[in-house]
Amino acid sequence: MEIPPPTLMKRMQNVHNHKTIENSIVFINSLIKKTNIDIINIGDNMIEQRIDELIKLIDKANYEYYTLDKPTITDQEYDRYMQELQTLEEKHPELKREDSPTSRVGGQVIDEFKKVTHELPMLSLGNVFNEDDIMAFDERIKKVISTPEYVAELKIDGLSVSLVYKNGKLVKAATRGDGVTGEDITHNARTIKSIPLTLTKPIDIEVRGEIYMSKASFNKLNENGENFANPRNAAAGSVRQLDSKIAASRNLDCFIYHLPDPEDYNIHTHNNALKFMKELGFVTNPNNKKINDIKELLTYIDYWTKERPNLPYEIDGIVIKVNNLDDQQKLGFTARNPKWATAYKFPAEEVLTKVKNIIFTVGRTGQVTPSADLEPVRVMGSIISRATLHNEDYVTTKDIRVGDIVSIKKAGDVIPEVVKVIEDRRDGSEKKFQMTKSCPICHEPLTRKEEEAAYYCLNDHCPAKKQEKLIHYTSRHAMNIEGFGDRIIEDFYNLGYLKSYEDFYTLYQHKEELQELEGFGLKSINNLLEEIENSKNNSLERLLFGLSIRHVGTKTANILAKNFKNIDNIIKAEFDDISDIKDIGPIIAKSVNEYFQNENNLKIIEKLKEHQVNMTYLKTINTEETEFTDKTFVLTGTLTRFTREEAKEKIEMLGGIVTTSVSKKTDVVIAGTEAGSKLKKAKALNITVWKEEEFINTLSKY
């Protein structure tokens, strides 16, 4: 090809400064008419240069936005660059690069997922579930490393991915699979904007991380007609699409957390490996933290356990890694897990398990309740093998069958319950539920009361009812007699030592006999007898709750005790006297009135009086109104001067009511350190907030 004259070359270089390539091409074509040379190839070179320049601009913008979180161009500029690049590639497909940012929009469709063998296995981590487990992990490390340093990381609830780069270009992305063999998902990984297609350095490297879907993207996806159970399932379903356009539309993200071969890059700590990967353009989690000791680690875990709901993505735990890589080598590996790392798993709120059987239990009121006998599973840090099914209507409405795979959840100290049946896991062997028609203990016929879904055993002599009442009487919020577990009460009942409430106060007469029982000695029996003696001094509301009066919970017992002051006043009270009290409705008033008109119940009260069990309300400090009187309080965060229970008692002693959730009816929220969502809701509702110091100062007035 003939070389163009210098003047023409200079004019062609100016092409690069034109606002758009389209104008540039028009300009070049005009030059063709004025020259006898073929400059088509020169035009292609200019277009290729512009494509390269646009890719650099867009890659730089992605790095600043996703990795550094410091964008330097506007969204409008970014969109304009992308649109120009897409236009050029459509007109010149032969110039499109594999690492072009336009691949983010998807379009590649594969026939099947190919298997990928990982050069280094992607090992799973061992799990710990509570503070004791974490302390034990730390102790094991200290047997080898005297003063270990850790890195703590949020455990993103997504799916693991391996990313391989050659000369700084993404060439392969694969799922973890079984740790040795995964699936090639490169076509979908290219659509994830937080995964760099080109690194800041032209090096060969493999990194590993977690692909996830943010809460906002998940909500938007389901609002548009999808029906994913959680963000993790949505992310997993998205990267396993044959059509990359679907993955691109799901707005996935990726955090990188592991460099398999750091020594190749002269890196000696995990923390420095994270920094190195960030410099290359990868997104690492900004909440990772280098930890100096176990106390700092537990503080970190406690903070993120509380802050977890406020994150824009789901996490299911904290990953703990020894920071020094030489120390990691000393600690080594088990067959499946590295010994230098573990994952603290947050207590699961909802998990799947199998219903092995449906059994029936009798409560202290005689209510017969169906319960699911489950394959044991860990929920909220506890191993669960039983879940309540509430009543017949609950089971039939949800169509829960023996053999079903079900989702169960547990909130706080509440008994686990079945949330839903996973119907697509049925194989036809499941057995439909049938409510029992007789008491499982005394075999008397059951009665279903009007306007209730529950069945009751009306036999006053039913052993199960009596045992449940005795168990309830000793419980923490009732008479608080420590040492009496369900099994001990059952044994004492069957041996004839405990048949009614008053029998607790005559147990001392059988002291020598009880010492002869297996598992009991003088010390344990003395402890039980001391607890029984102490229970005589409880305030009236504990006794009222302990008596198993239908519809009387801790709150109602406290209201009754506070208003009537002693049990004789309640016995003498008419229905209207009770129902006129604030927060006591007609159903509760009728139940209380009927209980204290029953001759058998009055005999129980007299027996307890004979044993000098207190029958008066002991919590009144000041008969005048206080700043707590008739106000509703919510406690949140960590208090330094009191436990939650102590703070609750002080508020109730001064006439206040303590509830667990913030609503428009809440008067005051008392916020300790690290208060979370309840404090935010209180501020949003303009509810008065007291810091702990203000709470203490207010208490000191009384």
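Residues E468 and K465 are not paired through a salt bridge, judged by the lack of any N-O separation under 4.0 Å between the basic side chain and the carboxylate. Under 4.0 Å is where a charged nitrogen must lie from a carboxylate oxygen, and between D404 and K398 no such pair does. D393 and R448 are joined by a salt bridge, as a carboxylate oxygen and a charged side-chain nitrogen come within less than 4.0 angstrom of each other. Between D302 and K306 a salt bridge is recorded (basic side-chain N to carboxylate O distance below 4.0 Å). For the pair D157 and R308, the salt-bridge criterion is not met [side-chain N within less than 4.0 Å of a carboxylate O].
Using modelled atom types and a 3.5 Å distance limit, the side chains of Y505 and S535 yield a donor-acceptor pair. For Q597 and N593, the side-chain atoms include at least one donor-acceptor pair closer than 3.5 Å. With no hydrogens or angles considered, no side-chain donor-acceptor pair links E502 and H611 at under 3.5 Å. A donor and an acceptor atom, one from each side chain of D373 and S371, are nowhere located under 3.5 Å apart.
Put simply, the side chain of L446 reaches to within 4.5 Å of the side chain of C457, judged on heavy atoms. Within the 4.5 Å cutoff, the side chain of W304 has heavy atoms near those of the L311 side chain. Using a 4.5 Å heavy-atom cutoff, the side chains of V355 and L374 are in contact. Contact check for E307 versus I315: no side-chain heavy atoms found under the 4.5 Å cut-off. Looking only at side-chain heavy atoms (C-beta outward), N558 and F545 stay at 4.5 Å or farther from each other.
Using the six-membered ring where Trp is involved, F484 and F504 have ring planes that are perpendicular, over 60° apart on the 30 and 60° scheme. Taking the six-membered ring for Trp and thresholds of 30 and 60 degrees, F695 and F642 have ring planes more than 60 degrees apart, a perpendicular arrangement.
Between F633 and W690, the distance from one ring center to the other falls under 6.0 angstrom. Taking the six-membered ring where the residue is Trp, the centroids of F492 and F520 are separated by under 6.0 Å.
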Derivation of the side-chain contact (heavy atoms from CB on, under 4.5 Å) call for S500 and I604
CA-CA 8 Å; S500 60; I604 291 171; over 6 Å; no

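Remark: K215 fails to qualify as a cation-pi partner of Y313 under the 6.0 Å distance and 45° angle criteria applied to the six-membered ring.
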